[in-house]
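Here the structure comes first, spelled out in structure tokens, and everything after it is commentary.
The structure displayed is predicted, hence computed values, not measured ones.
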Amino acid sequence: MELALDLADRLEEESFGGSDDALALVDDLEKLASTLDGDRQFSSALAELGRVVVGMVCAAGRKGIDMGQGAPPNPLDIADEPDRPWLQCDKLATSIAPLAMAAYSQAGLMVRADEDGMVRRYPYIFRSKEKLYPSLALAATLASMPEERQSFLKQLKGMNSTLPLLPMPPAEDFRLLRFSDIMDASPDSPGLKEGIQGKILVVGVSAQGTEDMVRTPVHGPIPGVFVHASAIVGLLAKAHIRNQGAHMVWAAMGGLLLLVLLF
């Protein structure tokens with residue numbers, strides 16, 4: 001790809017670059033470079049699909065990362081509440097500009113584990129530089145059901161916790177599609193249409209040895225995509241486990257006192 005572009009530039013710079021044959025060759029070389037440019041092809045595919053959400057992560061202390069200045073993420077259209085302890089991200093590393101510009105939106109992939117290393121909670125909204133942004137689960141849900149946008153945002157703002165506990169369905173409840181099978185299938189395949197049409201797809205790595213593995217109270221090490229998928233299910237079904245905070249502590253102490261009295 002770089003070689004084709006270099007040759008095109010050399011032809012334009014040389015004295016014979018103005019001939020019709022040279023201009024036609026330059027055009028052919030630029031088209032060849034476009035065909036060989038994987039990022040450009042991927043961007044075109046994202047734009048054609050229409051409702052694709054790409055990820056971004058916290059990048060505090062990292063260097064040499066494309067920060068997406070050419071395509072900054074769009075914040076949520078809700079008022080921030082300074083007293084709410086949203087997940088804080090001081091610096092964002094977004095997808096490269098061509099992908100971010102072609103995508104429907106950008107979303108946070110951050111998931112925090114508790115002190116014991118288990119993932120129990122999910123940050124649907126996080127704050128960066130005094131603005132609020134969506135997680136992957138929220139952005140994907142809003143992209144799939146834009147007419148319900150205000151309803152979902154109201155649901156999240158009404159939660160008593162910015163990191164709600166998640167229901168954790170078994171991994172077997174989700175349909176797993178291998179990327180290679182999708183690529184090998186015919187576009188008219190009935191099985192392919194049944195597997196992806198009208199559904200929210202969460203794409204990620206699941207091969208052994210990859211870093212995107214997490215632990216939950218009900219799973220062994222599983223790919224992180226299952227956590228995002230569980231968060232989507234919880235948002236759609238409004239099935240989050242309510243975190244009572246101090247009330248749970250007092251309830252536990254009251255129950256213990258009752259057991260002591262009974263004894």
For [X], I'd like to know if atom [atom1] has over 12 heavy atoms of other residues, nucleotides or ligands within 6.0 Å.
| X | atom1 | result |
| --- | --- | --- |
| Arg112 | CZ | no |
| Lys129 | NZ | no |
| Gln197 | CD | no |
| Lys199 | NZ | yes |

Of the non-hydrogen atoms in Ala140 and Ile232, which two are nearest, and what is the gap between them?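 Minimum heavy-atom separation between Ala140 and Ile232: CB-CD1, 4.2 Å.
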Heavy atoms only: give me the nearest Trp86-Thr162 pair and the separation to one decimal.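 That would be CE3-CG2, 3.7 Å.
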Decide, yes or no, whether a salt bridge links Asp80 with Arg127 under the criterion of side-chain N to carboxylate O below 4.0 Å.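 Salt bridge present between Asp80 and Arg127.
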Is the closest basic N to carboxylate O distance between Asp116 and Arg215 below 4.0 Å?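 Here Asp116 does not pair with Arg215 in a salt bridge, since their nearest N and O are not under 4.0 Å apart.
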Does the side chain of Met168 reach to within under 4.5 Å of the side chain of Phe226, using non-hydrogen atoms?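 When only atoms from C-beta onward are counted, Phe226 and Met168 do not touch, as no gap falls below 4.5 Å.
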Between Arg175 and Glu194, does a side chain to side chain contact (heavy atoms under 4.5 Å, CB included) hold up when you go through it step by step? CA-CA 11 Å; Arg175 183 167 186 179; Glu194 180 185 354; 4.0 Å; yes
Could you go through the side chain to side chain contact (heavy atoms under 4.5 Å, CB included) check for Thr216 and Arg120 one step at a time? CA-CA 6 Å; Thr216 75; Arg120 297 179 176 87; over 6 Å; no
How many angstroms lie between OG in Ser135 and CG in Leu235, if you round to the nearest 0.5 Å?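 Reported value, rounded in 0.5 Å steps: 8.0 Å.
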